[in-house]
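Taking it in order: structure first as structure tokens, then the write-up.
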Amino acid sequence: MQRSGGVVSGNAADDQEHAGWFVGHFMPPAAGPRASGAVEVKWAVYEGHEARDGWGANREATTLAVLVRGRFRLSFPDREVLLAREGDFALWEPGVPHFWRPEGPTIVLTVRWPSLPGDSVGVPRPGDRG
């Protein structure tokens with residue numbers, strides 16, 4: 001990353017220290033404007049065999065996933081969304097349980113706001129009795 005004159009530039013795919021998240025509350029203050037409590041941004045490159053480790057939800061954050069390339073399936077309690085065409089997106093509100101999995105090599109850009117520590121939590125699979 002390069003920073004000068006109020007501008008930060010770089011390559012999101014190069015910064016994998018935070019599992020693809022490169023803007024958010026988790027960045028050190030030295031990251032400048034990339035250290036933000038307002039928003040978090042993730043560049044995710046999948047080979048195709050990965051999946052979210054169980055169902056999850058965000059307590060307060062809204063999430064937007066945009067397909068860059070490939071196929072990406074998102075499961076929600078009442079529907080599935082397949083991102084199959086570049087630019088396809090899904091946006092979900094706080095508290096909505098979700099599960100994801102890529103279908104082959106895939107790139108997804110995810111934006112979540114606000115960026116809050118501990119906001120993403122595991123939840124029971126919808127329909128399971130708990």
Side-chain angles (χ1 to χ4, degrees):
M1 297 280 161
Q2 294 182 0
R3 181 175 178 201
S4 66
V7 176
V8 176
S9 63
N11 185 294
D14 289 344
D15 192 357
Q16 293 299 307
E17 183 177 342
H18 300 282
W21 293 98
F22 65 99
V23 174
H25 74 273
F26 40 77
M27 297 300 294
R34 293 191 321 136
S36 172
V39 65
E40 46 192 55
V41 184
K42 179 179 185 177
W43 180 262
V45 178
Y46 302 105
E47 293 178 17
H49 59 272
E50 306 89 335
R52 181 180 168 90
D53 184 22
W55 284 75
N58 290 87
R59 294 181 183 129
E60 297 183 46
T62 298
T63 304
L64 168 67
V66 182
L67 182 70
V68 176
R69 183 177 23 208
R71 292 169 60 90
F72 195 72
R73 187 171 300 275
L74 289 151
S75 298
F76 300 98
D78 63 346
R79 68 186 278 204
E80 283 199 354
V81 175
L82 176 62
L83 308 181
R85 196 178 78 171
E86 293 176 5
D88 282 353
F89 71 90
L91 186 144
W92 58 98
E93 298 176 327
V96 175
H98 63 283
F99 178 84
W100 56 258
R101 71 180 182 281
E103 296 183 351
T106 300
I107 299 174
V108 176
L109 179 72
T110 302
V111 180
R112 185 178 293 149
W113 64 94
S115 178
L116 302 168
D119 189 52
S120 182
V121 296
V123 297
R125 179 184 175 131
D128 283 356
R129 295 180 182 214

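Just so you know, residue 1 is the first one in the sequence shown, and it goes up from there. Any value given below was found using the heavy atoms of this structure, including those in side chains, with hydrogens, waters and symmetry copies removed.
One hydrophobic cluster, built from ILVMFWY side chains closer than 4.5 Å, holds both V121 and W55. Hydrophobic cluster membership is shared by F89 and V23, with clusters built from Ile, Leu, Val, Met, Phe, Trp and Tyr side chains linked at under 4.5 angstrom. Hydrophobic clustering, with ILVMFWY side chains joined whenever heavy atoms are under 4.5 angstrom apart, groups V68 together with V41.
Atom CG of D119 and atom CZ of R112 lie 7.5 Å apart (nearest 0.5 Å).
Within the 4.5 Å cutoff, the side chain of S75 has heavy atoms near those of the R101 side chain. Here the side chains of V39 and P114 are not in contact, with every heavy-atom distance at 4.5 Å or above. Using a 4.5 Å cut-off on side-chain heavy atoms (C-beta onward), F26 and E40 make contact. Residues P97 and P77 meet the side-chain proximity criterion, which asks for heavy atoms closer than 4.5 Å. The shortest side-chain heavy-atom distance between R52 and H98 falls under the 4.5 Å cut-off.
Cluster note: L74 groups with Y46, L67, F72, F76, V81, L83, W92, V96, W100, V108 through ILVMFWY side-chain heavy atoms spaced under 4.5 Å, whether in direct contact or through intervening members.
Of the possible polar contacts, one joining the R34 side chain to the F22 backbone as a donor-acceptor pair under 3.5 Å is found.
Annotation: D53, atom CG; neighbour count of heavy atoms from other residues, nucleotides and ligands within 6.0 Å does not exceed 12.
Scored by the salt bridge (charged side-chain N to carboxylate O under 4.0 Å, His left out) test, E80 finds R73 as partners (sequence neighbours excluded). Under the side chain to side chain contact (heavy atoms under 4.5 Å, CB included) criterion, A35 pairs with M27, sequence neighbours left out. Under the side-chain hydrogen bond (donor to acceptor under 3.5 Å, both in side chains) criterion, T110 pairs with no residue at all, not counting sequence neighbours. Checked against side-chain hydrogen bond (donor to acceptor under 3.5 Å, both in side chains), D88 has no partners two or more places apart in sequence or in another chain. Take V45 and apply the side chain to side chain contact (heavy atoms under 4.5 Å, CB included) test, not counting sequence neighbours, and it matches W43, I107.
Considering all non-hydrogen atoms of both residues, R71 and A84 come closest at NH1-CB, 3.8 Å.
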Worked verdict on E103 versus L82 for side-chain contact (heavy atoms from CB on, under 4.5 Å): CA-CA 9 Å; E103 296 183 351; L82 176 62; 3.8 Å; yes
